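Quick caveat: nothing in here was measured; it's all calculated off a predicted structure. In the text below, chain A, chain B and the rest are named by the order of the sequence lines, each starting its count at 1.
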Amino acid sequence: MSNSLHIAAREYSENARTKGFWINLLMFPVILFLSIKVPQLLEDKAKPARHFVLIDQSGSFEGVIDQAMERSYQGSVMKKLGEYIQKYTKEEFRVSLSAKALEDMPQVDMKVDPANPQGAMFDMVLNENPEVLDDLSQEGGLDMVVQLIAGRLVEERPDFEPPKRFLVHAPIPDGALEGVDLTSASREDIVAGIKPYLLNEKSIEGSDAPLFALVVIPPDAFQQVRRPGEMSVDALADAKAGVQFWSTNLTDMDLANTIEGAINREVQRLEFESKDLDPDAVAAVQRTEMQFAAFDPNKKVGEEIVSMADTIRKWAPVGFVYLLWVAIFTVVNMLLNNTVEEKSNRIIEVLLSSATPWEIMSGKLIGIAGVGLTMMVGWFVSLLGVLHYMAGPEVEWAGVLIQVIQTGGLLPLFGLYFFSGYMIYAGIFLAIGSLCNTVKEAQNFMGTATIILMVPLFTMVFIAQDPHGSLATFLTWVPLYTPFVMMNRAAADPPMFDLVGSGILMFCTAIFMLWLSSRIFRMGVLRTGQPPKFIELIRSLKASQKNM
Amino acid sequence: MNDTSPYAVELRGITKRYGDFTAVKDINLAVPKGSIYGFLGPNGAGKTTTIRMILDIVKPTEGSLTVLGAPTAMDVRERIGYLPEEKGLYKKMKAWGVIAYFAKLKGMKGKAAKARAYELLERYGLGDFADKKVETLSKGMGQKVQVLASIAHNPEFVILDEPFSGLDPSNQQVMEDVIKDMNEAGATIVFSTHVMSHAERICDRILLIASAEKVFDGTIDEAKSLIPKIVHVEGVEDAIALGALPGVGDVRNSDEGLGAYDVTMLEDANPQDLMRNCFQNGIELTAFSYHEPTLHDVFLHLVGDDAKVATLR
């Protein structure tokens, strides 16, 4: 046994002392940190302003579009102001959404993004009461709001800086449509005049960026309105006849959606009027709703209402599955490479004269498991560290995630499934390693193996959505996938039968794999030449049964 | 374990088959304690397989063996040192680390193993490289490190598979010195080689294997005595008289010309006596030459065409 430990210690220090290992370990929190911070920064700083030219030949929509632009901008001012207030509110006035609050907060609207509940609340308010923003945009409106709340904020704080405008209604560039009568010009002429700006052949004043979009509303816009029940003869021609949105960037649809929304709201408002309905009454009706909450029968009586934390808890295992997958395959690859190295270097012969194959194998398994454990502890410590650092008014969910990780019972399960998954795959990879003389040969085997191993990654989202569905249940009973799938289902209280039964099957498989690979290992490590064909392998396993 | 046997290793009819192929066939052998034993034979004769069976790296298909009084080498592995034929080391480890690691696997304690590693590296001229990674060492230095790794735990029985292959002449001399040093310190040494001159210089006894079978086992002198002593004479007029002399077995014409003969001596006859007998019987000679057969001659005599066949396989 002491030899196993010597071998384990060497394997551990050889793998854990490499630069690659530490880079791998440190990259995780760095990437995590960046993946949270960079989008925020991009949102604030790097996203370029979108200039658009609007040619409204109908003359009916320019006003509502500008109003929508202003509301959209004031919305972002509000959002930033909200963050500013959260950040600089004096301690005694702080009513932040703590993790506890989130736990209690019912997830009323199922569409709310659990990653950003506060943003979602803002959106909800703004969508339903857009008028509140109009006050903010009045001269001095913003200053007044800041003055009002100043007493609740700490003394040492920077002045509030409103965000810059992202969507800018630009005037028609000088000379672009010279000699064109805008009210009667054909759309071809208008587009031809503006196209060079869209294609960045010419630039508009006051912006280095190309013109982002051109919106053309035809004179007969109201004839292009489609009502329910109206059949279209030529859908393509009809689509062309309506409002046209020209842009080289058709992935960022913020602007298009804002404009389309504004136009449609106006069309609908006029429609109400034409039917003698009061648009305000209709709007009020549209905001009328029934209270609706989700309940989970698995939870304690009285606490069944599904909370934010539950939603996070439901999705957290997906992250765990991914970590599990990366952790297992990182370390079993180390195992494979070390075994092939020892074999190609012939070190294995000296080892075999000093230790039994079983000692060598178990030493390697223990050593590499230690590497994996170090890696995971490193990851979790840094994960919790980053989350703690981030957890604050701006990133509410981080606090909830910390709580879920610490209390959800997911960590022990993660440890359990790491070790069982590790044993199964370590057995396979050790056997492959012992049969191959070079890393290249091993890679040939790995191609097939990798495809099989990708399955848990492909299915992890579906299984989280339907943790007791037939896919989840079926894969649970495939021992190769049990660790990943059960990790995936862990938060959904899988049936005891699945949990225990598949666990037993998984452990039996792990032990069988290790037994089998110890035989292959013993036979394979001294082999030279091409890796054996499958039939040869079976035959020599049978033969070695007699000899050993 | 009570190891009172006078032999370090005893092989009793061991055979190793891989499917239809027989690598080693029915070998019996006893290696006396304190001896230097050479395993000789052409490539592919079965030397390495025999060594692996002694070390319990592969199990014999038939037969049994005793190593230092134990039924398998694994039971007494701390007392055995092994240098395999193909040399390899962990490239990323430091020189002292490799030696200490293998010493620890052989039962040495951590600190003692480290001290011993430095001591050995110093003694064999690698003191400056003790803290260097193996990948930075030259091939020769790497091999030296591996030899040191295999003997760091002061084994009483050392097996070296082709220890001289790949070494330059000065390092071959160092290797010979290491073997002699260990033997003087009381260790039993078994090594395999196909370079006869090394075996001849340092072995007490040899085992000759060809095509999986034992061809010879005994001392160097015994081996040499297997070859008939042939004396070359020239200027002989009466070949019949020459053939009648005591101790002469066979007289054949030599290619050297008229009066030149190759005289095969009887097994226990002394070639020196032939010259005296010629003078006493009035047989005139213009030339007389005799040289001791070398191990190389014995090897070719015993193995003959097998060697070539085996090498080609």
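Interface remark: A:E349 contributes backbone and side-chain atoms alike to the contact with chain B (heavy atom separation under 4.5 Å). Only the side chain of B:F102 comes within less than 4.5 Å of a heavy atom in chain A; its backbone stays farther off. Only the side chain of B:Q146 comes within contact range of chain A, with at least one heavy atom under 4.5 Å from a heavy atom of that chain.
Of the N and O atoms on the side chains of A:S4 and A:S362, at least one donor lies less than 3.5 Å from an acceptor on the other residue. In this model, no donor atom of one side chain and acceptor atom of the other lie less than 3.5 Å apart for A:Y425 and A:N333.
Looking only at heavy-atom pairs under 4.5 Å with chain B, the residue among A:I347, A:I348, A:T356 that has the most is A:I347. Comparing B:G110, B:G97, B:S150, B:P84 by how many heavy-atom pairs each has under 4.5 Å with chain A, the most go to B:P84. Heavy-atom pairs under 4.5 Å with chain A peak, among B:V58, B:L55, B:I80, B:L105, at B:L105. Most heavy-atom pairs under 4.5 Å with chain A: of the set B:L89, B:L83, B:D56, this distinction falls to B:L89.
The shortest distance between side-chain heavy atoms of B:Y90 and A:E342 falls below 4.5 Å.
At distances below 3.5 Å, at least one donor-acceptor pair connects side-chain atoms of A:K343 with backbone N or O atoms of A:S434.
Put simply, CD on A:E359 and CD1 on A:I366 are 10.5 Å apart, with the number rounded to the nearest 0.5 Å.
Among all heavy-atom pairs drawn from A:A355 and A:I7, the shortest one is CB-CD1, 4.2 Å.
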